[in-house]
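This report refers to the structure that appears directly beneath it.
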There are 2 protein chains.
Amino acid sequence: MNNPKQETKLKVRPACESCGVRALCLPVSLDGEALSLMDDLVKRRAPLKKGDYLFRTGDKFKSLFAIQYGSMKSYGLTIDGKEQVTGFHLTGEVLGMDAIDEDVHHCNAVALEKTEICELPFSALEHLQNEVPSLQHDLNCIMSREIRRDHHMLLMLGSTTVEQRMARFLLNLYERLQKRGAENNILNLSMTRQDIGNYLGVAFETVSRQLAHMQDEGILEIKNRNIHLLDVDRLEAIAG
Amino acid sequence: MNNPKQETKLKVRPACESCGVRALCLPVSLDGEALSLMDDLVKRRAPLKKGDYLFRTGDKFKSLFAIQYGSMKSYGLTIDGKEQVTGFHLTGEVLGMDAIDEDVHHCNAVALEKTEICELPFSALEHLQNEVPSLQHDLNCIMSREIRRDHHMLLMLGSTTVEQRMARFLLNLYERLQKRGAENNILNLSMTRQDIGNYLGVAFETVSRQLAHMQDEGILEIKNRNIHLLDVDRLEAIAG
DNA sequence: TGTTTTCCTTGATCTCGATCAATGAGACAA
DNA sequence: TTGTCTCATTGATCGAGATCAAGGAAAACA
C-alpha cells in the first residue's frame with residue numbers, strides 16, 4: 001500500500017539493471033545472452049533497515065553483495081571487545097570479497113540507513129565465469145578495485161595530523177560519490193561522528209572540532225550530517 | 001663466476017617450484033599438466049638489489065609479481081611530494097593486483113634488500129584461466145587474501161595509541177612470517193624506523209622509543225633490525 | 001682501512017589531540 | 001505536545017607524542 005509505484009518499478013526492472021553491478025565492471029563485456037544469465041543469478045532481497053546486519057564475523061561465505069542503494073559499515077572486534085570500523089561502503093560498491101579465500105566472513109557488515117542489496121551467489125558466479133570468460137576478467141577488475149581502494153585508505157590513515165586524515169577522508173568519500181555520478185558537492189554522511197573517529201583513529205570530539213574548524217575556514221558547511229564542500233582545492237591542499 | 005653453485009641450482013629448478021606461488025594458492029588445484037603450463041608461463045628475473053624498483057606509479061601493468069625471497073615496500077607520493085608508505089611485502093606474497101583494473105600501477109614498489117622475483121604475465125595467466133578453471137578460483141583466492149590483509153592493516157591503523165599500533169604491526173609481521181613457516185620468534189625488519197613510522201602515521205623517533213619501551217618491559221629484545229619477540233601474549237594483550 | 005653517509009637512539013620542549021564533563025539538538029515514540 | 005533516546009557540539013585540563021637537537025652506531029663506499 002505504501003509507495004506502490006516504487007514496488008512495481010522494482011519488480012519490472014531486471015535485477016541486474018538496478019543493482020549497480022553493471023555500473024561497476026561487468027557491463028563492458030556482457031552481451032545479451034550473458035546478461036540474462038546474470039539476471040537469473042542475481043537474487044533480490046528485502047531492503048535492510050538501519051542497523052540490520054548483512055553478515056557477521058564467522059558466517060559462512062556464500063555470496064558477494066552489491067549495494068544497490070544505501071550505505072553500510074564493516075567492522076571487526078578487538079580482543080577486548082571493542083568495535084573497530086574497517087570501512088564504509090556506498091551505493092554501487094561490492095562487499096564480501098575478503099571472504100572468498102577462507103569461505104568465512106571476517107567482519108560484520110551493518111546497514112547505516114535503509115539499504116537495498118543485490119546478492120550474487122558466488123559458486124554460481126564462478127560457474128558462470130566458465131561459460132563467459134570475459135566475466136572472469138571483470139571479477140578480477142572488481143577485486144583489483146577493492147584492493148586499490150584499500151591501499152588508498154591505508155594512505156589516508158598513514159598521516160600524523162588529524163586535519164590531514166579528515167581531509168583525505170572527506171575527499172575519498174567525495175571521489176567515490178563523483179564516480180557514481182553525484183552532481184553536487186554535498187556529502188550525506190550516513191555514519192556517526194563516532195564511527196568516523198573510530199575509523200580514522202581519532203576521538204569523536206576531535207572529528208567534531210575538526211569539521212567545525214574547516215567550516216570556520218570556509219572550506220565546507222555543516223548541516224547536521226550533510227557536509228557541503230565549498231572549497232575542494234583547499235581540501236586537497238590540506239590532504240597533501 | 002661469483003656464486004656459480006646457486007646459478008646452476010636456479011636454472012635447474014622449475015620456475016614455479018621456487019617462486020612461492022605454489023605455496024600461496026595455486027598448489028591445491030594444479031595437476032601435472034597444468035603445473036607445467038604454469039612453469040612455461042612464469043618468468044625468472046635477475047634478483048633486485050636493495051633500492052631497485054620493481055615498478056613505479058604510472059608504469060603499464062603487464063604482470064603480477066611473486067616474491068620468491070626478500071622483501072619490498074610500496075609507497076605513493078602525496079601532492080606535496082612526500083613519500084607515503086602503503087605496505088610491506090614479504091617472501092611468498094604477490095604484488096601488483098591493484099593494477100589489474102586500470103592497467104596501470106598506482107604505487108612504487110622498491111626492494112628493501114636483495115630480492116628475487118617471479119614474474120607472472122597477466123594476460124597469459126588469464127588465458128590459462130580458461131584452460132584450467134580451477135586456476136580462476138585460485139586467483140580469486142589470492143586476491144581475496146590480499147583484500148583481507150589490507151583490511152587487517154586498516155584495523156591496525158585505526159587505533160589511537162601508538163603502543164597499540166606498534167604491537168599490531170609487529171604481530172602482523174609475526175603472523176605473516178609464521179604462515180611462511182618461520183620457526184622462531186625473530187623478526188628481521190628490512191625496513192627503516194622511518195618507513196615504519198611513515199606507515200603507522202607516527203614519528204620515527206616514537207617508533208624507536210616505543211620499541212625501547214617494549215624492550216624495557218621484557219616483551220622483546222632489539223638487536224639493530226632484529227626484533228626477538230619474547231612475550232607474544234603480552235603483545236597481543238596490548239594490541240587488543 | 002678510514003671516511004662518509006645513513007640510520008638509530010636519547011634528551012628536552014611544546015603542541016595537538018585525548019579525555020572528562022556538561023550542554024544542546026534532532027529523532028522518535030507515546 | 002512532552003519525554004527519552006542517541007548524537008553532536010563546545011569547554012577545560014592533561015598527557016602522549018611531534019618536533020628540534022645532538023650524539024652514537026651501522027653500513028656503504030672508496
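We use all heavy atoms of the structure for the numbers below, so side chains are in, but hydrogens, waters and symmetry mates are not. Reminder, nothing fancy here: chain letters follow the sequence lines and each chain counts from 1.
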Legend entry - Rounded distance (Å) that lies between atom P of C:dT13 and atom CZ of B:Arg209: 13 Å

Inset, instruction - Among B:Thr57, B:Val110, B:Thr86, B:Leu54, find the residue that satisfies the side-chain contact (heavy atoms from CB on, under 4.5 Å) test when tested with B:Ser74. - result: B:Thr86

Legend entry - A:Thr192 vs A:Thr160, nearer the 5' end of DNA chain D by closest nucleotide: A:Thr192

Legend entry - Distance, rounded to the nearest Å, where A:Met166 contributes CE and D:dA8 contributes P: 11 Å

Legend entry - Earlier contact from the 5' end, DNA chain C, for A:Gln210 and A:Asn224: A:Gln210

Legend entry - Rounded interatomic separation in angstrom, taking CE from A:Met214 and C1' from D:dT9: 17 Å

Legend entry - Electrostatic pair A:Lys50:A:Glu113 at N-O distance under 4.0 angstrom: no

Inset, instruction - Using a 4.0 Å heavy-atom cut-off across all strands, classify A:Val207 as base, sugar-phosphate, or nothing. - result: nothing

Legend entry - A:Asn226 CG to C:dA27 P, straight-line distance once rounded to whole Å: 10 Å

Legend entry - Salt-bridge contact A:Arg148-B:Glu102 (side-chain N to carboxylate O under 4.0 Å): yes

Legend entry - A:Ile222 side chain, from C-beta outward: closest of D:dT9, C:dT9, D:dT19: D:dT9

Legend entry - Any A:Thr206 side-chain N or O less than 4.0 Å from OP1/OP2 of C:dG17: no

Inset, instruction - Please determine if a side-chain N or O atom of B:Lys50 lies less than 4.0 Å away from the OP1 or OP2 oxygen of D:dA28. - result: yes

Legend entry - Student check: side-chain heavy atoms of A:Gln215 and A:Glu221 closer than 4.5 Å: yes

Inset, instruction - Report yes if a donor N or O on one partner sits less than 3.5 Å from an acceptor N or O on the other, where the partners are the side chain of A:Glu205 and the base of C:dC20; otherwise report no. - result: yes

Legend entry - Separation of atom CD in A:Glu163 from atom C1' in C:dT15, rounded to whole Å: 14 Å

Inset, instruction - Mind running salt bridge (charged side-chain N to carboxylate O under 4.0 Å, His left out) on B:Arg44 and B:Glu119 for me, showing each step along the way? - result: CA-CA 6 Å; B:Arg44 308 303 317 283; B:Glu119 182 172 352; over 6 Å; no

Legend entry - D:dA8 OP1/OP2 closer than 4.0 Å to side-chain N/O of A:Arg225: yes

Inset, instruction - Quickly work out the B:Ile227 CD1 to C:dT9 C1' distance and round it to whole Å. - result: 13 Å

Inset, instruction - Write down the distance between CD1 (B:Ile196) and C1' (C:dC8), rounded to a whole number of angstrom. - result: 11 Å

Legend entry - Nearest-Å distance for atom pair CZ/P, residues A:Phe204 and C:dG17: 17 Å

Legend entry - Closest listed nucleotide, where the reference is the side chain of B:Ala203 and the choices are D:dC7, C:dC7, D:dT19: D:dT19

Legend entry - Short side-chain N/O contact from A:Arg193 to OP1 or OP2 of D:dT9, under 4.0 Å: yes

Inset, instruction - Could you work out which one of C:dC8, C:dA18, D:dA18 sits closest to the side chain of A:Val202? - result: C:dA18

